[in-house]
Each structure stands twice: as structure tokens, then as C-alpha cells.
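Keep in mind that this is a model prediction, so the values were computed, not measured.
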Amino acid sequence: MEATTQFNVRLTYSFGFLLLLSLKSLVIKAQSPNYMGDDCHNSTHKPLSSSYQSNLNRVLTWLSSDAATSKGYNHKSIGSNIHGDHDAVYGLYDCRGDVVGYFCQFCVSTATREVLQRCPNRVSAVIWYDFCILRYSNKDFFGNVTIYPTWNAVGTQNVSNSVEIQKGEDFMRSLIRKATVETNQLFYMDGFNLNSTQRRYGLVQCSRDLTNDGCRQCLEAMLAQVPKCCEQKIAWFIGSASCLMKHEGYMFYLFHNYTSLGLAPNLQTGIELKKIASLINSVHEYPFGFCGYMAPEYAMEGLFSVKSDVFSFGVLVLEIIHGKKNSGFYLSDSGQSLLIHIKSQGNEDFPVF
């Protein structure tokens with residue numbers, strides 16, 4: 001009986017792992033997160049010393065790896081600028097406040113790879129995506145407010161009148177206050193009723209190496225530029241290396257209030273397949289309410305394929321095996337999401353994904 005039970009457990013683990021093996025090719029083949037811009041044209045193009053290039057590669061590798069298990073932000077420095085070395089590299093990544101875990105890591109790993117392609121032979125660079133920002137320099141910028149250069153983008157639909165413009169400005173000011181005074185999170189997102197039939201949504205965020213005052217200073221500088229670039233449009237975005245703000249006509253941010261699944265390990269008596277099928281259908285019908293089950297490329301770009309089904313089902317299988325939810329696993333001692341924890345258990349002989 002004991003041997004049979006062990007066999008069933010191993011078989012179930014193998015089944016779950018096989019379902020997630022497609023994740024590796026899914027991530028590799030998926031298109032990059034939405035690229036927003038960079039500041040490479042503002043820096044000098046010149047050959048890098050071998051020691052600086054080596055330290056830069058080490059910093060970028062560390063940032064990409066750290067993003068998988070952090071709370072969405074961290075920084076790292078390697079090297080020295082004393083005694084004539086001049087090979088210090090300071091690097092930082094910051095994911096959008098509603099993006100953590102695998103989705104953050106997916107964006108940061110893309111940024112660390114593409115920044116060297118878009119900004120070759122630069123001693124400093126900033127690259128921006130819709131879900132994260134990555135920055136490195138040969139000078140220590142941690143804690144400094146950087147307002148210029150700025151990026152902005154606007155949609156095609158115009159606002160209806162000046163009243164809507166004023167309501168939008170007041171709303172964004174309220175988000176700045178909530179991010180820097182009321183919550184001290186340096187991040188806030190919310191929506192408001194424009195009228196009885198329409199809502200508007202907004203987000204403000206600062207790099208989390210800033211103080212509350214520094215964050216407020218940066219966001220107010222961005223808001224001051226909105227009349228020049230963006231206020232006539234419903235959808236707009238503006239940001240610098242230190243902060244950003246976004247205004248939209250639809251709910252663009254992700255939720256983390258996951259629904260309780262009520263699933264637990266039951267390897268001997270079987271699995272409620274109808275319950276699993278119902279949950280998978282829910283993932284398709286309400287994707288942003290179940291973002292812990294969405295493939296990264298679907299959450300970031302809306303790219304959908306059969307592999308998205310495999311990803312969602314694979315997460316469910318892992319939850320059943322472990323008796324823990326992917327969404328709340330980071331609260332355990334490991335400090336990781338369930339997917340990242342499982343990935344870390346693989347080895348060269350048996351890679352998980």
C-alpha cells in the first residue's frame with residue numbers, strides 16, 4: 001500500500017511538471033512586454049572598459065534574478081569609483097505597484113536583455129516598459145529625483161469638455177496625495193465616476209528609492225506637463241526615470257484579491273474535475289480577477305494561445321498537489337510565489353521549466 005501511494009504521488013508530481021514544461025518555450029517565444037521608451041539618445045556612445053562591461057553584466061543578471069522573489073523593487077551596485085578604478089555600476093528595477101512575482105520577473109528579464117541591444121556601449125541607460133522600468137549608471141543615483149528626460153504617450157479619443165479636464169486633474173492630484181501622504185506607498189491606483197455612465201481610472205508611482213517628498217516633487221512635475229502634451233485626450237501616460245502617472249478610460253491595472261479556491265490535496269480519492277473545469281472557464285471569463293493563473297504574455301499584452309490554457313491548468317494542478325494557492329504562497333517562509341518555488345526545485349537532470 002505504501003509503495004502504491006508513493007507511486008501515485010510521484011506520478012501526480014510528474015504530471016504537474018509535464019504540464020508546466022511548456023512554460024519554458026511559452027516565455028521564450030512570447031513577444032516582449034510593451035516597450036515604452038529609453039533615454040539612450042541622451043547618453044554618450046563610447047567603448048566600455050572590460051571591467052565596467054563585466055560589472056554591468058553582473059548587475060543586470062542580479063536584477064533579473066532578484067525580480068522573481070522580491071516585492072517588485074530592488075537595487076544593486078558592483079565595482080568602485082575610487083583609486084582610479086571607475087568601474088562601478090549602479091542598477092535598479094521597479095515594477096508597477098500591481099505587478100509582482102513572475103510577471104515582474106518576466107518584464108525585468110526582458111529589460112535586462114534588451115537594454116544592451118537598444119543602448120549599446122552606454123555607461124548609463126534607462127529603459128521603460130508598461131509593467132517595469134530598469135535603470136543603470138556609472139554614478140550613484142539611488143534616492144535622487146530625476147525629472148528629465150520625460151516620456152509621454154496619448155490615445156486617440158478626445159475628452160468631451162473642459163469640465164472633464166479639470167476633473168481628471170483633480171483626480172490625479174488626489175492620487176498623488178494618497179501615494180505620498182495618506183499611504184506612504186509611493187504608489188496608488190483608483191477610479192472615479194466622471195458621470196452617471198462613465199468612469200475614469202488612474203495610477204501614479206515613484207521609484208521606491210525615493211522619499212515621500214521626493215516622490216511628490218516628481219509626480220507634481222509630471223502633472224505640470226500634462227496640459228502641454230496630454231490633457232485633451234482621455235488616455236495618456238507621462239513619466240521620467242523616477243516616477244510616472246497614467247490616466248485611462250478603462251480599468252488597466254491588475255487585481256490581487258484572488259477568490260478562494262477551496263482545493264486541497266486528495267491523491268487517493270481523486271480530484272473534482274468539474275470544479276477544475278469551472279475554474280478554468282472562470283480564468284477565461286474573468287482574467288483580471290484571476291491574474292495568478294494567467295500566462296505572462298497574456299497579462300501583459302493580451303497574447304492568447306493554447307499554451308495559455310496549459311499554463312492556467314498547470315497552476316491549478318500545482319495548487320492541488322501542494323495544497324497551497326499560488327496567490328498566497330509568498331506569505332509563507334519561502335517568500336516566493338508557488339511557481340517560483342517549484343521552479344527553484346528543478347536541477348540539470350530534471351528541469352521543472
> Any disulfide bond (SG atoms under 2.5 Å apart) pairs touching residues 176-208, not counting sequence neighbours?
Replying inline: C206-C215
> Are side-chain heavy atoms of Q232 and V159 found at a separation under 4.5 Å?
Replying inline: yes
>> My understanding is that only residues two or more places apart in sequence, or in another chain, count here; which of them pass side-chain contact (heavy atoms from CB on, under 4.5 Å) with Q117?
In response: R113, E114
> Which heavy atom in Y52 sits nearest to a heavy atom in R122, and how many Å separate them?
Replying inline: CE2-O, 4.4 Å
>> Return the SG to CD1 distance between C40 and I127, rounded to the nearest 0.5 Å.
In response: 6.5 Å
> Is there side-chain contact between L134 and L92, with heavy atoms separated by less than 4.5 Å?
Replying inline: no
> Would you find a donor on one side and an acceptor on the other, under 3.5 Å apart, between the side chain of S54 and the backbone of S50?
Replying inline: no
> When rounded to the nearest 0.5 angstrom, what is the spacing between CD1 in I165 and OG in S160?
Replying inline: 8.5 Å
>> My understanding is that only residues two or more places apart in sequence, or in another chain, count here; which of them pass ring pair (Phe, Tyr, Trp, His ring centres under 6.0 Å) with F171?
In response: F192
> Please walk me through it: do Q166 and D170 pass side-chain contact (heavy atoms from CB on, under 4.5 Å)?
Replying inline: CA-CA 6 Å; Q166 187 60 54; D170 293 342; 2.9 Å; yes
> Same cluster for M36 and M189 if Ile/Leu/Val/Met/Phe/Trp/Tyr side chains link at under 4.5 Å?
Replying inline: yes
> If you round to the nearest 0.5 Å, how far is CG of N212 from OG1 of T180?
Replying inline: 6.0 Å
> Restricting to pairs with a member in residues 139-156, which pass side chain to side chain donor-acceptor pair (under 3.5 Å), not counting sequence neighbours?
Replying inline: R135-T146
> What residues form a disulfide (SG to SG under 2.5 Å) with C230, not counting sequence neighbours?
Replying inline: none
>> With rounding to the nearest 0.5 angstrom, report the CD1 to CG distance, I133 to D94.
In response: 7.5 Å
>> With a 4.5 Å cut-off on side-chain heavy-atom distances among I, L, V, M, F, W and Y, is there a chain of contacts connecting L244 to I176?
In response: no
> If you draw a 6.0 Å radius around CZ in R58, do more than 12 non-hydrogen atoms from other residues or ligands fall strictly inside?
Replying inline: no
> For Y90 and N81, what are the C-alpha separation, side-chain angles and deciding distance, and is it a side-chain contact (heavy atoms from CB on, under 4.5 Å)?
Replying inline: CA-CA 11 Å; Y90 303 85; N81 282 336; 4.2 Å; yes
> In terms of side-chain heavy atoms, does T211 have a donor or acceptor partner in D213 at a distance below 3.5 Å?
Replying inline: no
> For Y93 and A67, which heavy atoms make the closest approach, and how far apart are they?
Replying inline: OH-CA, 3.4 Å
>> Quick check for you: to the nearest 0.5 Å, what is the distance between N138 atom CG and D87 atom CG?
In response: 10.5 Å
> How about L223 and V204: do any of their side-chain heavy atoms sit closer than 4.5 Å?
Replying inline: no
> If you look only at pairs with a residue in residues 178-203, which of them pass as a salt bridge (charged side-chain N to carboxylate O under 4.0 Å, His left out), with sequence neighbours excluded?
Replying inline: E164-R200, R177-E182, K178-D190
> Do D38 and C119 pass the side-chain contact (heavy atoms from CB on, under 4.5 Å) test, and can you show the C-alpha distance, the side-chain angles, and the key distance before you say yes or no?
Replying inline: CA-CA 8 Å; D38 61 65; C119 309; 4.3 Å; yes
> Is there side-chain contact between W62 and I78, with heavy atoms separated by less than 4.5 Å?
Replying inline: no
> For the hydrophobic clusters of this structure (ILVMFWY residues joined by side-chain heavy atoms under 4.5 Å, transitively), does one cluster hold both Y201 and L175?
Replying inline: no
>> Are the side chains of W128 and F237 in contact, using a 4.5 Å heavy-atom criterion?
In response: yes
>> Please determine whether residues I234 and F252 belong to a single hydrophobic cluster, defined as Ile, Leu, Val, Met, Phe, Trp and Tyr linked transitively by side-chain heavy-atom distances below 4.5 Å.
In response: no
> Between the side chain of T61 and the main-chain N/O of N57, is any donor-acceptor distance below 3.5 Å?
Replying inline: yes
> Where do L186 and Q205 land on the side-chain contact (heavy atoms from CB on, under 4.5 Å) test, with the steps shown first?
Replying inline: CA-CA 6 Å; L186 306 186; Q205 178 164 346; over 6 Å; no
> Any side-chain heavy atom of C132 sitting closer than 4.5 Å to one from R96?
Replying inline: no
> So do N74 and L63 actually touch side chain to side chain, heavy atoms under 4.5 Å?
Replying inline: no
>> If you compare all heavy atoms of V108 against all heavy atoms of C95, which two are closest, and at what distance to 0.1 Å?
In response: CG2-SG, 3.7 Å
>> Over 60° means perpendicular and under 30° means parallel, so tell me whether F142 and H75 are parallel, tilted or perpendicular.
In response: tilted
>> If you compare the SG positions of C243 and C218, is the separation below 2.5 angstrom?
In response: yes
> Do F141 and V145 share a hydrophobic cluster, counting only Ile, Leu, Val, Met, Phe, Trp and Tyr and linking them when any side-chain heavy atoms are less than 4.5 Å apart?
Replying inline: no
> OG1 of T112 to OH of Y136: how many Å apart, nearest 0.5 Å?
Replying inline: 11.5 Å
>> If I compare all heavy atoms of F187 with all of D98, which pair ends up nearest, and what's the gap?
In response: CZ-N, 3.7 Å
>> Do Q225 and I238 have side chains that approach each other closer than 4.5 Å (heavy atoms only, starting at C-beta)?
In response: yes
>> Restricting to non-hydrogen atoms, name the atom on P149 and the atom on D39 that form the minimum distance, rounded to 0.1 Å.
In response: CG-CB, 3.9 Å
>> For A224 versus P227, what's the shortest heavy-atom pair and its separation?
In response: O-CD, 3.4 Å
> Do the rings of Y35 and Y129 sit parallel, tilted or perpendicular, given the 30° and 60° boundaries?
Replying inline: perpendicular
